[in-house]
Protein chains: 2
Amino acid sequence: MRHVAELTERGRRTRQRIVEETGRQILAAGIGGTTLDDVRAATLTSKSQLFHYFPGGKTELVRAVAEWEGGQLLAAQEPHVHDLSTRASWEAWRAALVDYYIGQGRWACPIGSLATEAAARDPGLAATVAGAFTAWADLLAAGVVRMQQAGELDASVDPRRIAASVLSAIQGGLVLSQPLRDPWPLEAALDQALHALDAPARG
Amino acid sequence: MRHVAELTERGRRTRQRIVEETGRQILAAGIGGTTLDDVRAATLTSKSQLFHYFPGGKTELVRAVAEWEGGQLLAAQEPHVHDLSTRASWEAWRAALVDYYIGQGRWACPIGSLATEAAARDPGLAATVAGAFTAWADLLAAGVVRMQQAGELDASVDPRRIAASVLSAIQGGLVLSQPLRDPWPLEAALDQALHALDAPARG
DNA sequence: TAGGAACTGGACCGTGCAGTCCAACGCAGA
DNA sequence: TCTGCGTTGGACTGCACGGTCCAGTTCCTA
């Protein structure tokens with residue numbers, strides 16, 4: 001006997017298909033530019049399915065997308081983002097990240113692009129987005145700490161500030177790169193931010 | 001005898017009122033979240049006036065806003081942005097900029113917030129936005145050159161890359177600060193980016 | 001002071017889109 | 001095979017919003 005809102009395997013797959021396709025459309029056209037009819041057509045589903053799996057409508061769907069994309073974004077940085085204990089590891093991480101954005105034709109951050117639109121429309125979504133940023137920043141800050149522990153970095157630098165400035169370089173670099181359709185601002189900003197890791201430990 | 005599309009003083013004021021109010025609404029709610037009816041109500045005008053001054057409709061209005069905001073943004077950085085020949089001048093510029101964004105309750109960049117939404121919806125607008133970024137970056141790069149000429153900065157650093165990374169720090173810092181409603185990521189990113197100016201000239 | 005152009009008010013229209021509703025299908029377990 | 005829930009299809013509704021239209025007013029200029 002099943003209980004409320006339980007999903008079968010088929011249901012889970014359909015739901016997931018909707019989330020991923022909506023994510024693609026939002027990245028390309030923004031929340032406002034993404035219509036449920038477009039999603040319905042692209043996923044070969046029907047209106048009733050959309051509201052069956054997301055009773056809260058578009059708002060709930062977008063939040064599900066935010067959570068999914070947040071996870072994907074961190075997954076794309078594995079395994080480097082859990083190392084980051086050497087300068088070489090940071091470079092490997094950097095390469096994976098640039099490939100995720102530019103190499104795979106995203107040209108924007110799935111989370112970052114939600115941030116601006118979310119802040120105005122949906123406070124709950126803004127909280128989800130802020131949470132994704134915090135989780136990400138924590139991973140980077142942990143890497144900075146690891147570099148300090150390994151004796152490769154001056155212990156006086158603040159890991160949280162480094163993490164925030166690296167994250168800002170990514171987001172801001174994408175803002176500049178996107179309309180120019182050229183990765184160089186992203187790369188310049190990222191490299192500049194990573195120079196903060198070049199302060200050797202004081203012997 | 002007047003000619004086509006000439007504006008009287010009254011007309012110019014009305015038009016300007018529409019542009020500024022639309023700018024406020026776009027910053028708060030995005031392009032998609034801004035309706036002509038809201039603008040009409042807030043400016044105490046009528047639909048016909050909106051289309052009288054902007055025959056191209058919302059698209060043309062938004063472009064006018066982008067150009068106006070671009071100018072305002074640079075104006076807010078005066079007179080510092082035309083100096084930037086000393087480290088102190090950069091700090092004064094930094095303070096003016098943070099006040100423009102945070103002190104005046106914007107919490108987002110009028111141009112940066114357009115960038116993401118524009119890239120998807122309106123290629124012409126994206127070009128305008130890219131132009132605004134370029135003009136801004138040119139001013140910063142000129143400042144870097146002035147520091148180099150004054151002998152305060154190593155001549156080997158690339159002014160364009162510095163300018164791009166500082167601009168990215170601003171835009172990305174705002175992306176992080178906005179949902180958190182806290183200026184610290186913006187300030188951390190900006191300060192980190194400005195460290196690039198701390199490379200003394202090689203004697 | 002008359003003519004005309006710039007300016008203004010607001011009713012009206014068409015459409016695109018979020019969300020509703022209900023009937024039908026399919027796949028388990030009893 | 002029956003029963004019931006999870007699942008699916010798609011027509012339908014309400015309305016918000018961009019855009020049109022035209023009549024009326026203000027104000028410059030000759």
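Note on naming: letters A, B, ... go to the chains in the order of the sequence lines (proteins, then strands), and numbering restarts at 1 for each one. Excluded from the calculations below are hydrogen atoms, water molecules and symmetry mates; all remaining heavy atoms, backbone and side chain alike, are included.
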**Message:** Taking only side-chain N and O atoms of B/T8, does any of them lie within less than 4.0 angstrom of OP1 or OP2 on D/dC28?
**Reply:** no

**Residue pairs involving residues 52-65 of chain B (criterion side chain to side chain donor-acceptor pair (under 3.5 Å); sequence neighbours excluded)** = B/R63-B/D122

**Item:** Selection from C/dA6, D/dG18, D/dT7 that lies nearest to any side-chain heavy atom of B/K58
**Value:** D/dG18

**Message:** So, using side chain to side chain contact (heavy atoms under 4.5 Å, CB included) as the criterion, who are the partners of B/F51 when residues are at least two apart?
**Reply:** B/L36, B/K47

**Prompt:** Residues in side chain to side chain contact (heavy atoms under 4.5 Å, CB included) with A/R121, at least two apart?
**Reply:** A/I31, A/E117

**Request:** Please list residues of residues 14-30 of chain A whose heavy atoms come under 4.0 Å from any atom in DNA chain C, ordered by number; otherwise none.
**Result:** none

**Message:** Using heavy-atom distances to pick each residue's nearest nucleotide on DNA chain C, tell me which of A/G57 and B/L44 is more 5'.
**Reply:** B/L44

**Fill in**
A/H52 NE2 to D/dC5 P, in whole Å, measures 13 Å

**Asked** Can you check the A/F51 CZ to C/dC21 P distance for me, whole Å?
**Response** 12 Å

**Request:** Not counting sequence neighbours, which residues clear side chain to side chain contact (heavy atoms under 4.5 Å, CB included) with B/E67? List them please.
**Result:** B/T128

**Asked** Looking at residues at least two apart in the chain, or sitting in another chain, which of them share a side chain to side chain contact (heavy atoms under 4.5 Å, CB included) with A/T116?
**Response** B/T116, B/Q178

**Request:** For A/Y53, answer base if it contacts any base atom (sugar-phosphate contacts may also be present), sugar-phosphate if it contacts only those atoms, and nothing otherwise; contact means non-hydrogen atoms under 4.0 Å.
**Result:** sugar-phosphate

**From CD (B/Q16) to CD (B/E20), nearest 0.5 Å** = 4.5 Å

**Fill in**
Sorted by chain and residue number, the ring pair (Phe, Tyr, Trp, His ring centres under 6.0 Å) partners of A/W107 (sequence neighbours excluded) come out as none

**Item:** Between C/dC12 (P) and B/L50 (CG): distance, integer Å
**Value:** 20 Å

**Request:** Could you check whether B/T34 gets within reach of a base, just the sugar-phosphate, or nothing at all, counting any heavy atom under 4.0 Å?
**Result:** sugar-phosphate

**Request:** Sequence neighbours left out, what pairs pass side chain to side chain donor-acceptor pair (under 3.5 Å) with at least one residue falling in residues 135-147 of chain A?
**Result:** A/Q77-A/W136

Mind listing the N/O atom pairs, protein and nucleotides 10-15 of chain D, below 3.5 Å?
from	atom 1	to	atom 2	distance (Å)
D/dG10	O6	A/S48	N	3.2

